[in-house]
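Every number for a ligand or one of its atoms is a count from 1 in the order of the listing. Start at 1 with the first residue, then count along the sequence.
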Amino acid sequence: MSQHDLLTLDAVHVSYGPVHAVRDVSMAVAPGEVVTIIGANGAGKSTLLNAIAGLRPLASGRILLGGRDLGPVPAHRRVGLGLALSPEGRRVFPDQSVRDNLVLGAYSKREGSRQVEARLAHLFELFPRLKERRQQAAGTLSGGEQQMLAIARALMSEPSLLLLDEPSLGLAPMVVQDIFRIIRTLRDLGLTIVLVEQMASEALAAADRAYVLETGRITITGRGRDLLSDPRIRAAYLGVH
Ligand code: ATP
């Protein structure tokens, strides 16, 4: 950990009553890094991401963004500080158009519509499929397109840190490749990303560094590429024995 980290977690615990979903998690993310958190079903990945976003309270520990303690900052104000979450299951507004879903992602209603239009134009360059379908109801998009919309909506607030919760969930393998291509493009643009994934091989290949979460604790950490060839990871998460 260093004072230059964008995100710092210090001994974070999160509980649901008696269930200790996240236990003593410390981690750091430097500006421009893509960090992935991999782990099995129920390991606590979503809980951890939701705690960073301010959607779950901490039982103990601290989360800092740019050195600032997020403890007293509610979720909606964290967006204003540069945090954006693309949640598991996408959660787009199905009856609203693609464009309206994106506009809802813009943080402040006080901002002039010209700024919102400029962001839309930028995102439509990154996501041409969304541009083609901008007037279409979001619920009529394919699963992959809805995932792209969820990512684009999070980007509308121009975050310094993007939290992506299982973007590959329920998507066909070719579509998963499209999503990871987008993640690599965002990385190349310099965005800092925390990526929660069950698709360990793709996530490790796309990430600079990784943390492995097992029943709420970090058990292994290292460079993404190194972990791809780590025998423990290969046996437990890549199905290679
Ligand atoms: P998945 O990939 O299935 O989403 P995950 O790694 O994201 O798994 P979490 O969803 O964070 O795991 O769940 C971690 C633990 O907390 C699990 O044991 C789960 O049953 C429990 N848990 C999650 N949400 C709740 C809740 N709302 N109430 C009680 N327990 C919960």
Any non-hydrogen side-chain atom of Leu213 less than 4.5 Å from a side-chain atom of Thr219?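 Leu213 vs Thr219: side chains apart.
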What's the shortest distance from [atom] to any protein heavy atom, and which residue and atom give it?
| atom | result |
| --- | --- |
| atom 23 (C) of ligand 1 | Tyr16 CE1, 3.4 Å |
| atom 7 (O) of ligand 1 | Ser46 N, 2.7 Å |
| atom 1 (P) of ligand 1 | Asn41 OD1, 3.5 Å |
| atom 11 (O) of ligand 1 | Thr47 OG1, 2.5 Å |

Do Val19 and ligand 1 have an N or O pair less than 3.5 Å apart? no
Counting heavy atoms only, name the option from Ser15, Gly216, Gly42 that's nearest to atom 15 (C) of ligand 1. Gly42
My understanding is that we take every heavy atom of each candidate and find the minimum distance to atom 2 (O) of ligand 1. Doing that for Arg56, His20, Glu166, which one comes out nearest?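 Nearest heavy atom to atom 2 (O) of ligand 1 lies in Glu166.
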Give the atom numbers and elements of ligand 1 that come within less than 4.0 Å of a heavy atom of [X].
| X | answer |
| --- | --- |
| Ala43 | 5 (P), 6 (O), 12 (O) |
| Glu88 | 4 (O) |
| Ala40 | 6 (O) |

Do any N or O atoms from the side chain of Arg78 and from the backbone of Ala75 form a donor-acceptor pair under 3.5 angstrom?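 It does not hold such a pair.
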Could you tell me whether the side chains of Ser168 and Glu197 share a donor-acceptor contact shorter than 3.5 Å?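 The answer is yes; a qualifying pair exists.
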Side chain to side chain contact (heavy atoms under 4.5 Å, CB included) assessment of Leu64 paired with Asp5: CA-CA 9 Å; Leu64 304 142; Asp5 288 325; over 6 Å; no
Show the nearest heavy-atom pair for residues Ala137 and Pro94, with the distance to one decimal. CB-O, 3.5 Å
Indicate the atoms forming the closest heavy-atom contact of Arg153 with Pro87, along with that distance.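 Here Arg153 and Pro87 meet closest at NH2-CD, 4.3 Å.
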Would a search of protein heavy atoms around atom 17 (C) of ligand 1 find one under 4.0 Å away?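 Yes, there is a protein heavy atom closer to it than 4.0 Å.
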Scan the protein's non-hydrogen atoms and note whether one is under 4.0 Å from atom 13 (O) of ligand 1. yes
With the threshold set at 4.0 Å, does a side-chain nitrogen-carboxylate oxygen contact exist between Arg99 and Glu117?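 Glu117 and Arg99: salt-bridged.
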More than 12 non-hydrogen atoms from neighbouring residues, nucleotides or ligands closer than 6.0 Å to CZ on Arg184, yes or no? yes
Non-hydrogen atoms of Gly17 versus ligand 1: any pair closer than 4.0 Å?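 No; Gly17 lies far enough from ligand 1 that no heavy-atom distance drops under 4.0 Å.
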Could you tell me whether ligand 1 has any atom less than 4.0 Å away from a heavy atom of Gly44?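 Judged by the 4.0 Å heavy-atom criterion, Gly44 does count as contacting ligand 1.
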Among Ile218, Leu48, Leu9, Leu49, which residue meets the side chain to side chain contact (heavy atoms under 4.5 Å, CB included) test with Val22?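 When Ile218, Leu48, Leu9, Leu49 are each tested with Val22, the side chain to side chain contact (heavy atoms under 4.5 Å, CB included) holds only for Leu48.
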